[in-house]
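Hydrogens, waters and symmetry mates play no part in the numbers below; they use all other heavy atoms, side chains included. Residue numbers start from 1 in every chain, and the chains themselves are labelled A, B, ... in the order their sequence lines are given, proteins ahead of strands.
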Protein chains: 2
Amino acid sequence: MPSTPRRSTKQRSIVLEIVARAKTHPTAEEVFTIARKKLPEISLATVYRNLHLLAEEGKIREVQFEGSTLRYDGMTMEHEHFCCRSCGVVEDLPVSLPAATVASIQSQLGAIIERYSLDYYGVCQRCKESAA
Amino acid sequence: MPSTPRRSTKQRSIVLEIVARAKTHPTAEEVFTIARKKLPEISLATVYRNLHLLAEEGKIREVQFEGSTLRYDGMTMEHEHFCCRSCGVVEDLPVSLPAATVASIQSQLGAIIERYSLDYYGVCQRCKESAA
DNA sequence: GTATGTGCAAAACGTTTGCAGAGAT
DNA sequence: ATCTCTGCAAACGTTTTGCACATAC
């Protein structure tokens, strides 16, 4: 299934670059604010359109944490997250869920498991220590 | 920390009852529609207010799946979910993530992990079979 | 009697869309 | 020349809020 041909625009590459470089899992609004510094005429609608497009192409990922709006993640490898409820920081984690666990659920359900999302919530080291 | 005293109202108990009995992880709008059948004068704002309140008290849970709006879950025990991308069904699953895995991440991060959310995505048995 | 809870309507919020013109191919 | 992409503004769906009245305590 050949998808519509995509053109390369300043707007699109800036959006990709921002998300890829960001370590903060930015929201669309945050990407927009950063993008404006490099390309003042860029519009929020364009940021949204490109975020979806890039996510569809697998070049970035959409992630959503409790109580937050949609965020974007430049880390495209499979991974998990930790969110601090005190300072809000989101840390990327390597895969911790054993493949055998996924396989076992899959066969128990008789379903196909294509992916999963695993988010840990709590208090990060820094906040834990400053609260002590 | 003594929280404000809570009053017991028809509206609140109906909202709780609906979510507790539901097996479908309903949205606020769905809870509202069902509630109207028993209490035609109930307002959507009241449904929202009570859903938040009950979630805060731990009597129900807020859950959010990819591409969906916030849903409510009457199952308060720790558990996980499977979502079918074809028919949209959400199945409750018992805990699959080994406690040792959580403990290991916690010590690696030096953080406190209070809870986690684990959602599996794929195609359920029924949809898998009807597609074959 | 007092303060919480409610219904209503309006506002807020994040996101999407229609459109006419700009720009990539 | 074509067809995608853009900026703008308006629309959208969901959720929250201000207010005056109702109701649980």
Side-chain angles (χ1 to χ4, degrees), chain A residues 1-19 22 24-57 59-73 88 90, chain B residues 1-19 24-57 59-73 88:
Chain A
M1 46 176 106
S3 61
T4 1
R6 294 277 150 73
R7 294 180 180 175
S8 139
T9 65
K10 308 193 276 301
Q11 290 87 343
R12 187 158 307 156
S13 54
I14 283 178
V15 168
L16 173 56
E17 191 187 318
I18 289 169
V19 177
T24 55
H25 305 79
T27 62
E29 199 76 44
E30 287 163 355
V31 173
F32 174 58
T33 302
I34 300 169
R36 278 245 147 146
K37 291 177 189 162
K38 295 193 159 191
L39 196 63
E41 69 275 23
I42 197 174
S43 76
L44 184 54
T46 294
V47 170
Y48 272 105
R49 280 186 284 235
N50 281 313
L51 287 170
H52 288 152
L53 223 130
L54 293 164
E56 214 173 83
E57 293 176 356
K59 293 183 180 157
I60 64 175
R61 297 183 137 203
E62 293 189 323
V63 292
Q64 185 148 31
F65 306 111
E66 287 181 13
S68 164
T69 180
L70 215 47
R71 311 186 83 85
Y72 292 88
D73 190 337
V90 176
Chain B
M1 47 178 111
S3 60
T4 0
R6 295 275 150 74
R7 295 180 182 175
S8 139
T9 66
K10 307 192 276 298
Q11 289 87 344
R12 188 159 305 155
S13 55
I14 284 178
V15 168
L16 173 56
E17 191 187 316
I18 290 168
V19 177
T24 55
H25 305 80
T27 62
E29 199 76 42
E30 287 163 354
V31 172
F32 175 58
T33 302
I34 300 169
R36 278 246 148 145
K37 292 178 189 162
K38 295 192 159 190
L39 196 63
E41 70 273 25
I42 198 173
S43 76
L44 183 55
T46 294
V47 170
Y48 272 104
R49 280 185 285 234
N50 281 313
L51 287 170
H52 288 151
L53 224 129
L54 293 164
E56 215 173 81
E57 293 176 356
K59 293 182 180 159
I60 64 175
R61 297 183 138 201
E62 293 188 324
V63 292
Q64 184 149 32
F65 305 112
E66 288 181 14
S68 165
T69 180
L70 214 47
R71 310 187 86 85
Y72 292 86
D73 189 339

_Return whichever of B:Leu44 or B:Thr9 has its heavy-atom-nearest nucleotide of DNA chain D closer to the 5' end._
B:Leu44

*Measure the spacing between CD1 of B:Ile34 and CD1 of B:Ile14 and express it to the nearest 0.5 Å.*
11.5 Å

*Measure from the side-chain heavy atoms of B:His52 and tell me the nearest of D:dT15, C:dT6, D:dC8.*
D:dT15

_With B:Arg71 via salt bridge (charged side-chain N to carboxylate O under 4.0 Å, His left out) - residues at least two apart_ = B:Glu30

*By side-chain hydrogen bond (donor to acceptor under 3.5 Å, both in side chains), which residues pair with A:Ser43, not counting sequence neighbours?*
A:Thr46

*Please list, chain by chain and in numerical order, all residues satisfying salt bridge (charged side-chain N to carboxylate O under 4.0 Å, His left out) with B:Lys38, sequence neighbours excluded.*
B:Glu17

_Check this one for me: any side-chain N or O of A:Tyr48 less than 4.0 Å away from OP1 or OP2 of C:dT16?_
no

_Quick check: do A:Leu54 and A:Val19 have side-chain heavy atoms less than 4.5 Å from each other?_
no

*Whole-Å distance between C:dT15 P and A:Asn50 CG?*
15 Å

*asked:* Taking 4.0 Å as the cut-off, does a side-chain nitrogen or oxygen of B:Arg6 come that near to OP1 or OP2 on D:dA24?
replied: no

*Nearest 0.5 Å, what's the OH-CG distance between B:Tyr48 and B:Leu53?*
15.5 Å

*Are any side-chain N or O atoms of A:Thr33 and backbone N or O atoms of A:Glu29, one a donor and one an acceptor, separated by less than 3.5 Å?*
yes

*For A:Glu56 and C:dT16, give me the distance from atom CD to atom P, rounded to whole Å.*
12 Å

*Return each pair, listed once, that meets ring-ring contact (aromatic ring centres under 6.0 Å, His included) where at least one residue sits in residues 25-46 of chain B; pairs must be two or more places apart or across chains.*
B:His25-B:His81

*If we only count heavy atoms from C-beta on, is the A:Glu41 to A:Leu39 side-chain gap below 4.5 Å?*
yes

*Hey, can you pull the residues of residues 59-71 of chain A with a non-hydrogen atom under 4.0 angstrom from DNA chain C?*
A:Thr69, A:Leu70

_Rounded to whole Å, please give me the gap between CG in B:Leu51 and P in C:dT6._
12 Å

*Over all heavy atoms of both residues, which pair between A:Ala28 and A:Leu44 is shortest? Give the atoms and the distance, please.*
O-CD1, 4.4 Å

*Check every atom of C:dT15, D:dG7, D:dG18 against the side chain of B:Arg49 and return the nucleotide holding the closest atom.*
D:dG18

Tabulate protein N/O versus nucleotide N/O from nucleotides 20-23 of chain D, keeping only pairs under 3.5 Å, one per line.
none

*To 10°, what angle do the rotation axes through the five end pairs on each side of the helix from C:dG1-D:dC25 to C:dT25-D:dA1 form?*
30°

*Does a nitrogen or oxygen in the side chain of B:Thr46 sit under 4.0 Å from OP1 or OP2 of C:dG7?*
yes

*What residue pairs, at least two apart or across chains, pass salt bridge (Lys or Arg N to Asp or Glu O under 4.0 Å) with a residue in residues 44-55 of chain B?*
none

*By salt bridge (charged side-chain N to carboxylate O under 4.0 Å, His left out) - contacts of A:Lys59 (at least two apart)*: A:Glu57

_Side-chain N,O (B:Gln11) to OP1/OP2 (C:dG7) below 4.0 Å_ = yes

*In residues 26-41 of chain A, what residues come within less than 4.0 Å of DNA chain D, judged by heavy atoms?*
A:Glu41

_Selected nucleotide, minimal atom distance to B:Ile42 side chain, candidates C:dT17, D:dC5, C:dG7_ = C:dG7

_salt bridge (Lys or Arg N to Asp or Glu O under 4.0 Å) contacts touching residues 60-69 of chain A (sequence neighbours left out)_ = A:Glu66-B:Arg115

*Rounded to the nearest Å, what distance is computed from the CG atom of residue B:Leu53 to the P atom of nucleotide D:dT15?*
17 Å

*Applying side-chain hydrogen bond (donor to acceptor under 3.5 Å, both in side chains), name anything that partners A:Thr9, two or more places apart in sequence or on another chain.*
none

